[in-house]
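Take a look at the structure below.
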There are 2 protein chains.
Amino acid sequence: MDTKKTPDHTALTPAQMAEQTGVSIETLRYYEREGLLQPVERATNGHRRYSSADKHWVEILRCLRDTGMSIEALRTYCQLGEQGVHTQPERLALLEEHKRLVLDEIETKKQAIERIDHKIQYYTEQISMAGATAKATQPIKGAPHER
Amino acid sequence: MDTKKTPDHTALTPAQMAEQTGVSIETLRYYEREGLLQPVERATNGHRRYSSADKHWVEILRCLRDTGMSIEALRTYCQLGEQGVHTQPERLALLEEHKRLVLDEIETKKQAIERIDHKIQYYTEQISMAGATAKATQPIKGAPHER
DNA sequence: GTAATACCTGAAGCGCACTCCAGGTCAAGC
DNA sequence: GCTTGACCTGGAGTGCGCTTCAGGTATTAC
């Protein structure tokens, strides 16, 4: 019986929502326009009132966006969600695919870190040597890729 | 004495360079325009000839770009390199800063993975349950954030 | 000589994910 | 009654990192 008119005391104003999720008011509206958020509740004056479910969902959106999922893919995911439980396998597949992508990215970055570390070490050596023997700083045998 | 006119048999054509570095011909030119690559050698017909040093450098550029360093930051880094060894400390600082950023990103992604795994697990359970007891699939107590 | 291929240049265009703007409404405070 | 502030709308603008285009040149293959 309290399905429709409860004023929902926990609802958030756009400003509060933005602050608590780290997603700007404009971006929240943008997400709604793009179908990443189904139409948000309104107060009598037409202002949006975000529910805690909205907040939770936006946090998930952020998590997926932060890991590079496109707006397009997120829209697909949302639409599947709206179509009911029978789309769960598809949603699962989508998430698993995304997870794989993210794991790959992590791997790429780790390898990059190694490479960067190499250069860091090279510079560190060079600099400490330059400090010690102000002269005679031949780049030693085959200085790797200067720059 | 062989400082200038050696035809350099190991030099790469744009097409070869693109294939071997995974960076397109257009992007290579773009990088050069943007000062990420100092002007590349030319054959007598005006075509670019990339040295193995160029190749090495482009691989580093890729590594840094892949980990999110901006074109702007890369330009700075290159310019420092052109200014001589006395900029090594600055370059070192730049790399260390970037490394920190990349480590942070990895951390963010790992956390995201955990969250994604949660949802994957949730869907997996839901789906297997739906398969087993085609009926009576109440979402159990407090189904977390459907969608 | 002709055509195909590989490259050149400067400049315009594109896709993505926002972000900003102009002009308007509503409620509260003075 | 008037101002202020938070929010609304549709639509235009922005920044980044390429990518494409139009028009041209040099070498090789026939």
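Note: hydrogens, waters and symmetry copies are ignored here, and every other heavy atom, side chains too, is used. Source: prediction; values computed, not measured. Numbered from 1 within each chain, the chains take letters A, B, ... in sequence-line order.
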Exercise. How long is the line joining CG of L28(B) and C1' of dA6(C), in whole Å?
Worked result: 15 Å
Exercise. Can you list the steps and then say if E34(A) with R75(A) is a salt bridge (Lys or Arg N to Asp or Glu O under 4.0 Å)?
Worked result: CA-CA 7 Å; E34(A) 294 298 314; R75(A) 183 165 28 232; 2.8 Å; yes
For this session: Evaluate salt bridge (Lys or Arg N to Asp or Glu O under 4.0 Å) for E97(B) paired with R100(B), printing each intermediate quantity in order.
Result: CA-CA 5 Å; E97(B) 171 62 11; R100(B) 236 170 292 130; 2.6 Å; yes
For this session: Could you check how far CE of M69(A) sits from P of dC16(C), rounded to whole Å?
Result: 16 Å
Exercise. Quick one: E19(A) CD to dA6(D) C1', roughly how many Å, whole number?
Worked result: 15 Å
For this session: For R29(B), answer base if it contacts any base atom (sugar-phosphate contacts may also be present), sugar-phosphate if it contacts only those atoms, and nothing otherwise; contact means non-hydrogen atoms under 4.0 Å.
Result: base
Exercise. Looking at dC7(D), dT27(D), dC18(D), which one has an atom nearest to any side-chain atom of Y30(B)?
Worked result: dC18(D)
For this session: Specify the residue among E72(B) and G46(B) whose closest nucleotide of DNA chain D lies further upstream toward the 5′ end.
Result: E72(B)
For this session: Using whole Å, report how far CZ of R62(A) lies from C1' of dC18(C).
Result: 13 Å
Exercise. Do any side-chain nitrogens or oxygens of T13(B) fall under 4.0 Å of OP1 or OP2 in dA6(C)?
Worked result: no
Exercise. Starting at the 5' end of DNA chain C and moving along, which residue's nearest nucleotide shows up first, R33(B) or Q16(B)?
Worked result: Q16(B)
Exercise. For R115(A) and K119(A), what are the C-alpha separation, side-chain angles and deciding distance, and is it a side-chain contact (heavy atoms from CB on, under 4.5 Å)?
Worked result: CA-CA 7 Å; R115(A) 195 150 204 175; K119(A) 282 190 93 64; 5.8 Å; no
Problem set entry | Phosphate OP1/OP2 of dC18(C): any Y31(A) side-chain N/O under 4.0 Å | yes
For this session: Provide, to the nearest angstrom, the distance between the CD atom belonging to E32(B) and the P atom belonging to dC7(C).
Result: 14 Å
Exercise. Which heavy-atom pair separates L28(B) from A18(B) by the least distance, and what is that distance?
Worked result: CD1-N, 4.1 Å
Exercise. When we call it a touch if two heavy atoms are under 4.0 Å apart, what does R42(B) touch: a base, just sugar-phosphate, or nothing?
Worked result: sugar-phosphate
Problem set entry | Presence of T27(A) side-chain N/O under 4.0 Å of dT19(C) phosphate oxygens OP1/OP2 | yes
Exercise. Rounded to the nearest Å, what distance is computed from the CD atom of residue E26(B) to the P atom of nucleotide dG10(C)?
Worked result: 15 Å
For this session: Measure from CD1 on I71(B) to C1' on dG17(D) and round the result to the nearest Å.
Result: 6 Å
Exercise. Quick one: on DNA chain D, does S24(B) or P14(A) contact a more 5' nucleotide (nearest heavy atom)?
Worked result: P14(A)
For this session: Report yes if at least one side-chain N or O of R48(A) is closer than 4.0 Å to OP1 or OP2 of dC7(D); otherwise report no.
Result: no
Problem set entry | Distance-only side-chain donor-acceptor flag, H98(A) / T67(A), under 3.5 Å | yes
Exercise. What is the distance from CG of L74(A) to C1' of dC18(C), rounded to the nearest Å?
Worked result: 14 Å
Problem set entry | Residue A15(A), side-chain atoms from C-beta onward, closest of dT27(D), dC7(C), dC7(D) | dC7(D)
